[in-house]
Amino acid sequence: MAVLALLWGSGYLWTGLALRHGLSPLHITVARAVLGAAVLLVLARLAHQRLPRGATTWRRIAVAALLCNTLPFFLAAQGVRTVSTGLAGVLNATTPLWSLLIGLALGTERDRRPVRLAGLLLGFAGVLLIFSPWRAPASSAGGGSFGWGTLALLGAALSYAVAFAYMGRFLTTTGKESPGNSPGGGPGSGSRDSGTGTGFGPLAVSAAQLSSAAGLGALALPAGGTSSGWTDPEALVAVAILGILCTGVTFHLNYRLIALEGPTAAATVGYLLPVVSTVLGALVLHEPLGMRTVAGMAVVLTGVHLTRRGPAPRVRPAVGDRKATHLAKP
C-alpha cells in the first residue's frame, strides 16, 4: 500500500519536473500513455490475457480512454503549469465529490443520506478554503487565486468522475467503477473478466484503454507544437518514471492490492495521494505550504470520507434479545 501511495502521489511531481525541463502537456500526456500501455501489454502477455475484440467493445474502450486518460492527463499537466503539484493532488481528490454530484443530478444516486450530502458540501468548501477567492489575488501555486490552472485540475477530476459513470454502465459488471480503470489504478488479479464486463482480463482491457488513450493523444500532436525537453535527460527521466511506474506499474499494483487486501484497502490509498503529493512538492520542488492549504486539504479529505461512508450495518438481535424486545413492547 505504501509503495502504491508513493507512486500515485508522486505523479504530479514528475509531471511538474517534465514541464520545468521543456516538455509540453500534450507530449507528456502521449508519452505517459504510451509507456503505461507498453508496461500493461507486457503484463497482459505474461498473464496470458488477450486484447479485447469486437468493434463495440473497442468503441467503449476508446470513450473510456478519452474520459479517464487522455483528457485528464492533459488537463492535469496543463494545470500543474500554474498550480503547485501539492495542490494538484488535493484537487484530484475531489473526484468522488464530482461522482456523487453527477449521480444526484442524473438521479442514479440512491443513497442520499444527510451525511453524504454534508460531505459533498464540506469537500467543495475545502477547495474554497484553499484558494479563498474572497482574499486579495495571489499566486495560485501558493493556494491563492482561482485561475485557469485550478479550473483545468478540477476539470480533470470531473472527467474522471464522468468516466467512472460511463464505465460503470458499459465496461463493468458491477455497475460501479472498475478499480482497474481508476485514474492511475489498475489490474493485477489476472483473473478473466474480473469486473470488466467485456469478457477479457483486466490487464488486457487496461492495456487496450491506455493504448487507445495514446492514439487519441497522438491525433492532436500536429497541433501541439514542438518540445525542447526531448534533449533534456531530466525531462526524459521524469516522463519515463511517470509513464512506466506512476501509470503502468500502479495499474498492476492496484489490482494486486485489491486481490490481496480487498477494495477497502485500495480505496484507503486515495486518501494518501494528496498528502504524498503535498509533502513531495514541498520537499523536492520547495513549493509553499501554508496553514490554509493544510487546513483546506484536511477539510476536502474529510468531505470525501463522508461521501464514501456506507450505511451502518443492520445487526439482527439474537433470539433471546428479539424475545425480550417483543415482551417490552407496549
Side-chain angles (χ1 to χ4, degrees), residues 2-42 68-93 140-142 149 152-153 156-157 160 182-186 210-211 213-214 216-218 220-221 224-254 269 272-289:
V3 174
L4 182 59
L6 179 61
L7 291 178
W8 259 349
S10 66
Y12 289 106
L13 169 67
W14 301 114
T15 299
L17 288 173
L19 288 168
R20 289 188 179 192
H21 290 276
L23 290 180
S24 71
L26 181 57
H27 288 110
I28 292 173
T29 298
V30 176
R32 178 181 184 178
V34 168
L35 293 172
V39 171
L40 291 174
L41 286 169
V42 171
C68 198
N69 302 112
T70 309
L71 184 58
F73 285 0
F74 174 76
L75 290 175
Q78 191 70 34
V80 172
R81 299 178 76 173
T82 56
V83 177
S84 70
T85 59
L87 288 183
V90 176
L91 294 176
N92 180 75
S140 62
L153 289 162
Y160 284 134
S182 59
L210 274 179
S211 298
L216 292 171
L221 284 177
T226 59
S227 292
S228 60
W230 295 117
T231 58
D232 190 317
E234 292 188 54
L236 296 179
V237 170
V239 78
I241 294 176
L242 178 65
I244 296 173
L245 297 179
C246 299
T247 305
V249 172
T250 54
F251 266 74
H252 176 66
L253 290 180
N254 191 50
V269 177
L272 301 177
L273 303 190
V275 178
V276 172
S277 66
T278 300
V279 171
L280 289 178
L283 293 179
V284 179
L285 301 179
H286 306 292
E287 295 173 342
L289 181 61

Could you tell me the separation between the [atom1] atom of [X] and the [atom2] atom of [Y], rounded to the nearest 0.5 Å?
{"X": "Glu287", "Y": "Leu280", "atom1": "CD", "atom2": "CG", "value": "9.5 Å"}
{"X": "Gln78", "Y": "Phe73", "atom1": "CD", "atom2": "CZ", "value": "15.5 Å"}
{"X": "Ile241", "Y": "Thr15", "atom1": "CD1", "atom2": "OG1", "value": "11.5 Å"}
{"X": "Leu253", "Y": "Leu6", "atom1": "CG", "atom2": "CG", "value": "11.0 Å"}
{"X": "Arg32", "Y": "Thr70", "atom1": "CZ", "atom2": "OG1", "value": "11.0 Å"}
{"X": "Tyr160", "Y": "Asn69", "atom1": "OH", "atom2": "CG", "value": "7.0 Å"}

Atom of [X], atom of [Y] and distance for their closest heavy-atom approach:
{"X": "Trp8", "Y": "Leu273", "result": "CB-CD2, 3.1 Å"}
{"X": "Val80", "Y": "Ala88", "result": "CG2-CB, 4.0 Å"}
{"X": "Pro25", "Y": "Thr29", "result": "O-OG1, 2.8 Å"}
{"X": "Cys246", "Y": "Thr250", "result": "O-OG1, 2.9 Å"}
{"X": "Thr85", "Y": "Tyr12", "result": "CG2-O, 3.1 Å"}
{"X": "Ala18", "Y": "Ala238", "result": "N-CB, 3.9 Å"}

- Note on the structure: Which of Leu17, Leu19, Leu23 passes side chain to side chain contact (heavy atoms under 4.5 Å, CB included) with Val239? It is Leu23
- Side-chain touch Val90/Thr278, heavy atoms, less than 4.5 angstrom: yes
- Message: I'd like to know if the side chain of Ser277 reaches the main chain of Gly9, judged simply by a donor and an acceptor atom lying under 3.5 Å from each other, with no hydrogens or angles considered.
- Response: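 The answer is no, because no donor-acceptor pair under 3.5 Å joins these two groups.
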- Derivation and outcome, side-chain contact (heavy atoms from CB on, under 4.5 Å), residues Leu210 and Leu41: CA-CA 10 Å; Leu210 274 179; Leu41 286 169; over 6 Å; no
- Item | Residue pair His27, Leu221: steps toward the side-chain contact (heavy atoms from CB on, under 4.5 Å) verdict | CA-CA 7 Å; His27 288 110; Leu221 284 177; 3.7 Å; yes
